[in-house]
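Proteins get letters first, then strands, A, B, ... in listed order; numbering begins at 1 in each. Keep in mind that this is a model prediction, so the values were computed, not measured.
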There are 2 protein chains.
Amino acid sequence: MTVKHALLALLDKDESYGYQLHGLMESALGDPWSINIGQVYSTLSRLERDGFVEKLPEAELAHDDRTVYSITRRGKSELRRWFREPLSRDDRLRDDVYAKLALSRISRSVSPGEVIQAQRRQLLKELHQLTQLRSSADGPNELPYILLLESAIMHLEADLKWLDLCEQKLEELDATPSPYFESRPRGRPPKDDGSASGA
Amino acid sequence: MTVKHALLALLDKDESYGYQLHGLMESALGDPWSINIGQVYSTLSRLERDGFVEKLPEAELAHDDRTVYSITRRGKSELRRWFREPLSRDDRLRDDVYAKLALSRISRSVSPGEVIQAQRRQLLKELHQLTQLRSSADGPNELPYILLLESAIMHLEADLKWLDLCEQKLEELDATPSPYFESRPRGRPPKDDGSASGA
DNA sequence: AAAAAATACATACTTGGTATATACTAGTGT
DNA sequence: ACACTAGTATATACCAAGTATGTATTTTTT
């Protein structure tokens, strides 16, 4: 979703063509947002299909080897809509690490403790790297980049605190015998052969 | 990626079929991870293609209308690999809200302040909802779900703190006249017509 | 002049995800 | 008894996002 609107925003500032948009996007949003050049072209053609951008007539072009796009009225209104609409963070409830941890309790091919430890090592490594970057990024023009780093750092710290919480809670669990993470199908039971355990 | 390994983990516990796996996945990982049933089948066929799972021979089936899969040796080893390998969080550097904020400074069709405010309202709303859920989820069997909620809450709080930081930094910026978020292409300059400003 | 790098676009492919079509079974109401 | 609804079960078509690759031209470097 965001790539689409990033291109719209860039085109809202000035008409442009695929290759240039690719560079603009990287310089506007930084390395982590630099996308595959091919994606620029496919996204542009989808935007054109939906009437958000249009090709400049060739007559106005200085170079026949470039396909220059400009934003349309529909595109501008879509962009405004996107800007005003806040982004939902409910995808935070679909966390990969959580899933892995939960699955590790089911599958027994690895212990949750191991998963937590390995994950913590990784997070500490990444936190270290980001902190390095953060302290070396001090130029006055780097404010946006610094804000991005701060964001990532804050979330990494939250991840680490959460791992501690998990470890603690799981220890409490292991002390008691009750079976958590019990997993059984919701619907009709497996019906192996017509035998025992009928409701 | 995770859906693939979730199915592997479930099959590692016990052989199963698509429809059942769908239910198992929901009861093991909770609502936010409940996926479209169609995705189970396409993921299973990809897993089969890659040799991670295989269909049970029909002879062993009690019901000819079910396609039961079991995990293979390759599948088990892939699963172990995934469990031991920590997940990278470097995608935290590709934050949608950050991108939106940066783009809002470029496009001028909306002010960064507005974006921050709208986003904060949204986050507060979501935080409220999660806090409600958190306090009503107190059954002993809900520990995993509680951990998930805690995680989401912690990250929402980080988001909110980050928005405050942004607001503050942007105010400092607006007080000074220097042009941040300057965006120019990296490569060859636009070459409009063969005229001024040649290198 | 030749080699390397940058510019520019397009297409094929993979993956993740949604929507939809189909068919069968079991229970429920009238 | 009949229709309706809900549940079980699979498969396919479709779309969007993203990667890899192919190709051609131009500019810069050696």
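- Heavy-atom contacts from other residues, nucleotides or ligands closer than 6.0 Å to CZ of A:R73 number 12 or fewer.
- Considering only side-chain atoms of B:Y17, the nucleotide from C:dC9, D:dA9, D:dA11 that sits closest is D:dA9.
- Within the nucleic acid shown, A:G18 comes within 4.0 Å of sugar-phosphate atoms alone, with no base atom in reach, counting heavy atoms only.
- When the P atom of C:dG16 is taken as reference, atom CE of B:M25 falls 11 Å away, rounded to whole Å.
- Closest to the side chain of A:R66, out of D:dT10, C:dG17, C:dA8, is C:dA8.
- Applying the 4.0 Å criterion to OP1 and OP2 of D:dA17, one finds that A:Q39 has every side-chain N and O outside that range.
- In terms of phosphate contacts, B:Y41 brings a side-chain nitrogen or oxygen within less than 4.0 Å of OP1 or OP2 of D:dT10.
- When the side-chain nitrogen and oxygen atoms of A:R46 are compared with OP1 and OP2 of D:dC15, none of them lie within a distance under 4.0 Å.
- Remark: C1' of D:dT26 and CD of A:Q20 are 16 Å apart, rounded to the nearest angstrom.
- Map A:G38 and A:K4 each onto its nearest nucleotide of DNA chain D; the residue landing nearer the 5' end is A:K4.
- Atom CD in A:E48 sits about 10 Å away from atom P in C:dA10, given to the nearest Å.
- Distances were taken from every side-chain heavy atom of B:M1 (C-beta onward) to each of D:dT19, C:dG16, C:dG17; the shortest belongs to C:dG16.
- Residue-level contact check: B:I37 touches the bases, meaning some heavy atom is under 4.0 Å from a base atom.
- Out of D:dG18, C:dA19, C:dA8, the shortest distance to the side chain of B:N36 is found at C:dA19.
- The side chain of A:R94 approaches C:dG17 more closely than any other nucleotide in the set D:dA11, C:dG17, C:dG16.
- Between A:W33 atom CH2 and D:dA17 atom P the separation is 11 Å, expressed in whole Å.
- Which of C:dT15, D:dA17, D:dA11 sits closest to the side chain of B:R49 comes down to C:dT15.
- No salt bridge links B:R74 with B:D50; every basic N to acidic carboxylate O contact stays at or beyond 4.0 Å.
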Set out, in order, the CA-CA distance, both residues' side-chain angles and the distance that settles side-chain hydrogen bond (donor to acceptor under 3.5 Å, both in side chains) for B:Q39 and B:H22, then state yes or no. CA-CA 9 Å; B:Q39 205 183 338; B:H22 183 245; over 6 Å; no

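- Between the C1' atom of D:dC15 and the CG atom of A:D50 lies a distance of 11 Å, rounded to the nearest Å.
- To the nearest angstrom, C1' of C:dT15 lies 12 Å from CG of B:L47.
- Salt-bridge annotation for B:R89 and A:D95: present, with a side-chain N of the basic residue lying under 4.0 Å from a carboxylate O of the acidic one.
- The side chain of A:Y19 has C:dT7 as its nearest neighbour among C:dT7, D:dA16, D:dA9.
- Other residues, nucleotides and ligands contribute at most 12 non-hydrogen atoms within 6.0 Å of the OH atom of A:Y145.
- The interatomic distance linking A:H22 (NE2) with C:dC9 (P) rounds to 12 Å, in whole Å.
- Within the nucleic acid shown, A:V40 has no heavy atom closer than 4.0 Å to any nucleic acid atom.
- A:L123 contributes atom CG, which lies 5.5 Å from atom CG of A:D159 (distance to the nearest 0.5 angstrom).
- Atom pair A:L21:CG and C:dA10:P shows a separation of 13 Å (rounding to whole Å applied).
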